[in-house]
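Reviewing the structure listed below.
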There are 2 protein chains.
Amino acid sequence: MLEPVDKHSGIPAYLQIMDMIKKEIVLGNLKFGDQLPPVRELKKVFGVNVNTIMKSLEKLQMDGIVEAQHGVGYFVKKSKIINPKVVDILEKSVEELKKMDMDLNTTILILEEVWKKGEQS
Amino acid sequence: MLEPVDKHSGIPAYLQIMDMIKKEIVLGNLKFGDQLPPVRELKKVFGVNVNTIMKSLEKLQMDGIVEAQHGVGYFVKKSKIINPKVVDILEKSVEELKKMDMDLNTTILILEEVWKKGEQS
DNA sequence: AATAGTGTACTATAAAAGTATAACACATTT
DNA sequence: AAATGTGTTATACTTTTATAGTACACTATT
């Protein structure tokens, strides 16, 4: 879901926008070759200025995730298909973690740590 | 580990600092009653200005996580003990996810989505 | 050719984040 | 009392982020 940016979160708007678009692609709501809503539409959806939209899209383009076609629109360039097993694994873990009274933020903190620890070894 | 702030990540320095301190507490490297390194030390560690450190600490104090004692130092006020099972669950999930060629950022995006989905139902 | 829909670029302005530097206030130790 | 280590505050400055408004450029359709 593309939602208005949270202006009080402290996270720069353009980063929030990048994340939401990435999420749409990851979740399969936007697939390879799909056209993104026009910038004037995104502007309304996210509740920010065109320039902020442009900054997000330019960064996404630099990351190779979307591609601009002048006068036509933005298109999804890279879309990694997520193995349904991934969602399955996470759903099961989340279920258990919630039972243990964990919250999302703390979970992410630990997840990051566990992930990095595994890379060193 | 307390590391220098990433100044090019786009994430405000004070947020990165808050996250790192929270992480230390969550991981048990900082326990209830422990004194944090002095602000002048934190300034060096994180590579930012004193004012930025102060902003982070004040916010952490407002969140009830640390407490200031003028002339003495900052102390950990709240430390949630993490069930070792939590780390266990995450370690196993991470192991599987890495085998499926997942990266950390994408994993977090999906985790957030799965977490929120479970709250609606 | 004209039009409508799209991305792009520019200027000006403001607000927020961060730096650098210095001084002040409180607590503990000597 | 003095010195040291701690948190606290203030000022001035720079950079980044975001807004507002306007105009321009490219593409497709009619």
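Here is the naming used below: chain letters follow the sequence lines, and residue numbers restart at 1 for every chain.
Considering every non-hydrogen atom in both A:L97 and B:L90, the closest pair reads CD1-CD2, 4.0 Å. Here the closest non-hydrogen pair linking B:F32 and B:K78 is CD1-N, 4.5 Å. Across all their heavy atoms, A:A13 and A:V5 have their closest contact at CB-CG1, 3.8 Å.
Atom P of nucleotide C:dC26 and atom CD of B:E67 are separated by 18 Å, given to the nearest angstrom. The distance from atom CD of A:Q35 to atom C1' of C:dT6 is 8 Å, rounded to the nearest whole Å. Atom C1' of nucleotide C:dG7 and atom CG of A:L42 are separated by 12 Å, given to the nearest angstrom. Nucleotide C:dT19 holds its C1' atom 10 Å from the NZ atom of B:K43, rounded to whole Å. For the pair A:F46 CZ and D:dT19 C1', the computed distance is 17 Å after rounding to whole Å. Atom CZ of B:F75 is separated from atom C1' of D:dG5 by 12 Å (rounded to the nearest Å).
Side chains of B:V26 and B:K80 form no contact here, defined as non-hydrogen atoms less than 4.5 Å apart.
The pair B:E112-A:K23 counts as a salt bridge, with a side-chain nitrogen and a carboxylate oxygen less than 4.0 angstrom apart.
OP1 and OP2 of D:dG5 both lie 4.0 Å or more from every side-chain N or O belonging to B:Y74.
Note: the hydrophobic cluster containing A:M20 also contains A:Y74 (ILVMFWY, side chain heavy atoms under 4.5 Å, direct or indirect links). Residue B:I108 is not grouped with residue B:L15 when hydrophobic side chains (ILVMFWY) are merged at heavy-atom distances under 4.5 angstrom, including chains of intermediate members. Hydrophobic clustering (ILVMFWY, side-chain heavy atoms < 4.5 Å, transitive): B:L109 and A:I17 are in distinct clusters.
A donor-acceptor contact under 3.5 Å is formed by the side chain of A:N49 with the base of D:dA20. Contact annotation: side chain of A:N51 to base of C:dA9, donor-acceptor pair absent below 3.5 Å.
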Report, as a single string ordered 5' to 3', how protein heavy atoms within less than 4.0 Å touch nucleotides 25-30 of chain D: B base, S sugar-phosphate only, - not at all.
BBS---
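Set against D:dT8, D:dT19, C:dA20, the side chain of B:V50 has D:dT8 as its closest nucleotide. Side chain of B:V39, nearest nucleotide from C:dT21, D:dT8, C:dT8: D:dT8.
Shown for residues 52-61 of chain B: residues whose heavy atoms fall under 4.0 angstrom of DNA chain C, namely B:T52, B:K55. Against DNA chain C, the stretch residues 1-20 of chain B makes heavy-atom approaches under 4.0 Å through B:K7, B:P12, B:A13, B:Y14.
Among residue pairs with one or both ends in residues 33-52 of chain A, those qualifying as side-chain hydrogen bond (donor to acceptor under 3.5 Å, both in side chains) are A:N49-A:N51; sequence neighbours excluded. Pairs engaging residues 1-12 of chain A under the side-chain hydrogen bond (donor to acceptor under 3.5 Å, both in side chains) rule: A:S9-A:Q16 [sequence neighbours left out].
Apart from B:I81 itself, the hydrophobic cluster it occupies contains nothing, where clustering links Ile, Leu, Val, Met, Phe, Trp and Tyr at side-chain heavy-atom distances under 4.5 Å.
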